[in-house]
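In what follows, every heavy atom counts, from backbone to side chain, and hydrogens, waters and symmetry copies are set aside. Below, read A as the first sequence line, B as the second, and so on, with proteins coming before strands; counting in each chain starts at 1.
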2 protein chains.
Amino acid sequence: MEASMTKTAKYQQIVDWIQERLDSGELRSGDRLEPEKEIGARFGISRQTVRHALSLLAQEGVLETVHGSGSYVKDNKEQYQQKAVLSSTVTIISSYVDGYIFPRILRSMVETLERLGYGARIMFTGNQVETERRLLKRLIEEESRDPMIVEPVMSGLPNPNLKYYRELQQRGIPILFFHSFYPELNLPHVSMDDVEAGRIATEYLISQGHTRIAGVFKADDGQGKYRYKGYICALYRAEIAICEERICWIDTVEQKLLTREYERLLKRLRGCTACLCYNDEVAHSLTEICIKQGIRIPEDLSIISIDNSELAKLNPVPLTSMVHPMEVMGVRTAENLVHLIKDPEFNATYEFVPEIKIRSSVMPVTPETEDEAASAHLRKQI
Amino acid sequence: MEASMTKTAKYQQIVDWIQERLDSGELRSGDRLEPEKEIGARFGISRQTVRHALSLLAQEGVLETVHGSGSYVKDNKEQYQQKAVLSSTVTIISSYVDGYIFPRILRSMVETLERLGYGARIMFTGNQVETERRLLKRLIEEESRDPMIVEPVMSGLPNPNLKYYRELQQRGIPILFFHSFYPELNLPHVSMDDVEAGRIATEYLISQGHTRIAGVFKADDGQGKYRYKGYICALYRAEIAICEERICWIDTVEQKLLTREYERLLKRLRGCTACLCYNDEVAHSLTEICIKQGIRIPEDLSIISIDNSELAKLNPVPLTSMVHPMEVMGVRTAENLVHLIKDPEFNATYEFVPEIKIRSSVMPVTPETEDEAASAHLRKQI
DNA sequence: CAGTATTTGTTCGTATGTATA
DNA sequence: ATATACATACGAACAAATACT
């Protein structure tokens, strides 16, 4: 009778009833359930049936029965803690394996993590949001418990993968960005102070007498914008008018084509005596272009760049460049992540203020020589 | 009474009884157990108690009860398969992030894996067995299901971590070595045919008239021994006596100190007109030493090396070098691993036969000029 | 295909043992 | 030490799924 009326098994009803009380908040961590006998009496069912229901819930880990004492709601914290145990392997997401400054940052990062008792796994995005998305999705699907160190992809453009970072953040995964950051996310980062880098580099050019200063910046990552901001700021402070014709924006694809398609760039340099380059790679390309065009560095054009990578030394004209912390940044990032793992309240953000490394790509100008250099440059171009 | 006699609960006895029959092989995958009633009758206990025992075993996943049919031993294959599901992320273990040819191999490897639908995580050993051990232990502890691509550490020396590879192999993890391999393990590898590389390089020197050929090899990795083997083989075939004084063995630590402590190396080169170098790094160091000592390359000494890395081009005297497949090797390694994942019987071993890239570090000698060059070299040295 | 036997699933009642408060 | 509450155990009945004839 009853069975045909209710359809669902009695023990299942008890399971549902308790589950509901847990969901509604009536039953909370550590609460003791009514004795089996009492539940049986209340629903008019046998104690055996109640026991069956409780045993199912105990299997799931929701309840815990203590012999001679009672059945208790398992501590939520315990349940969470079980899930929330972080892996001792850190997942690092970076843009490139090869090239430029990343290998040096990564090596010191990995070494530091291992010194602190953590393993490291590195994944690469190739600086493509699509690849970034795949990697993040995989980590979420795998329910990874790895703390993460991430280099943002195209941090200058709106990023479509922020929801994945938010998901990971909600799951309690510590995430620390390095080299750059996504301003939309409230997550810590360790990076160079790119505004300062741009500002100090520009101020150095100004201190050498330059006033007609061009700038080449990368549009699709965060650093480009901040370095540009520093450049603007320095000009403003020195009361030099900002001339938009002298500012050239390039993107990652263009950067690779720079030595072939340089007309656009050279146009922006007309009449300038100095140029701030986004990084050493851009400065290196610019040097090659100038050499081909018969523009002398630094006599006709002073070049200053940022990052002080190997390229800065190996450049045909050794580059004056802002020193990127690299190894130090790797160490700091690793240390701060470990600190963050142990104390989720720790503010892990740190920005390095860069120093300048002076080589021979910048030459002072005086008001007398300034016009000459600028016009020499102009002559060569046409 | 009974309880006090037996001590162990009756339901536990049934659990043990069934477990034993499983272990002994009496019960195998898919077998049907006796009906609950029969078991109860045999042990003189109630069906309820038998049910309790069976429910515990079902919880563990050992049994499966089918309503109206019976209790069955769960298919071992199913259990295995559940565990044997491989991750779609491949763990790559390599020696270094930065430097030499590895970034180029890794990049193409990662790209290929992603093209084939697999993610990649890279871990680095720094070519230290201790770090290798830590990484492997961690993977085993985490019960990782990642297929693996591994660059052996110090493959020339007996490796203390083989047991970990065997453990992973037994767990059904596909493992593919690249760049080198551990001869003690019966696991596949994708690498350059180092014997052929040594042989072809030496034969090229012989074809250029050289007979007094020195060799510098690395003692602590596999390639060193195989390249040495190729060198010996070529001399033997050309019926040139092998002169042990002309063979110099170095290790990883020494390699870094080479430019400072070069006396030992130069001793071995006395009276030689050519030298086969273990790799471009060694050849580069040798070039620098020779330049400092006033020994001309290739007039006084021809140098041939192996790997054809960037260094071969950038060397003060561009190096004739055996072409390492690099990108092609990365692609092939990734493809073969994926093949191996899908078909565990697939023989994933592949060895690339290298070609020679001729630059300007080797010069032909004739019987007349041979003595002159050798003695010129000797003169410079003293 | 139908009907019957077998086997597991659910539920009840009852009793005793044992840990906890 | 006693009462309470869970653990184990037995017997019995009916329901529901499956197997067999």
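- B/Thr349 places a side-chain N or O within donor-acceptor distance of the main-chain N or O of B/His189, the cut-off being under 3.5 Å.
- Contact check, B/Ser69 against D/dA19: a side-chain N or O comes under 4.0 Å of OP1 or OP2.
- Of the N and O atoms on the side chains of B/Asp146 and B/Ser87, at least one donor lies less than 3.5 Å from an acceptor on the other residue.
- Summary of the strand contacts: A/Tyr72 and B/Thr65 both lie near DNA chain C, and taking for each the nucleotide with the nearest heavy atom, the more 5' one is attributed to B/Thr65.
- As a whole-Å value, the separation of A/Leu33 CG from D/dA5 P is 13 Å.
- Mapping A/Ser46 and A/Val66 onto DNA chain C via the closest heavy atom, the residue that lands nearer the 5' end is A/Ser46.
- More than 12 non-hydrogen atoms from other residues, nucleotides or ligands lie less than 6.0 angstrom from CZ of A/Arg115.
- Side-chain to base pairing of A/Arg51 with D/dA5: no donor and acceptor N or O lie closer than 3.5 Å to each other.
- Remark: A/Thr49 is in phosphate contact with C/dC12, judged by side-chain N or O atoms under 4.0 Å from OP1 or OP2.
- Using a 4.5 Å heavy-atom cutoff, the side chains of A/Pro188 and A/Leu340 are in contact.
- Straight-line distance from the NE2 atom of A/His52 to the P atom of C/dT8: 16 Å, rounded to whole Å.
- Residue B/Gly40 is out of contact with every strand shown, counting any heavy-atom pair closer than 4.0 Å.
- Rounded to a whole Å, the CZ atom of B/Arg47 is 14 Å from the P atom of C/dT11.
- Residue B/Gln48 places a side-chain atom within donor-acceptor reach of the base of C/dT11, judged by atom type and a 3.5 Å distance cut-off alone.
- Across the protein-nucleic acid pair, A/Lys37 atom NZ and C/dT14 atom P stand 12 Å apart, rounded to whole Å.
- One atom, CD of A/Gln13, and another, C1' of C/dC12, lie 15 Å apart when rounded to the nearest Å.
- The separation between A/Arg32 atom CZ and D/dT4 atom C1' is 8 Å, rounded to whole Å.
- Spacing between atom OH of B/Tyr11 and atom P of D/dA7 amounts to 9 Å, rounded to whole angstrom units.
- Remark: the backbone N or O of B/Val153 is paired with a side-chain donor or acceptor of B/Tyr182 at under 3.5 angstrom.
- For A/His67 against C/dG17, a side-chain N or O and a base N or O form a donor-acceptor pair under 3.5 Å.
- Checked by distance alone, B/Gln12 brings no side-chain donor or acceptor within 3.5 Å of a matching partner on the base of D/dT8.
- At whole-Å resolution of the value, CD1 in B/Ile45 and C1' in D/dG11 are 14 Å apart.
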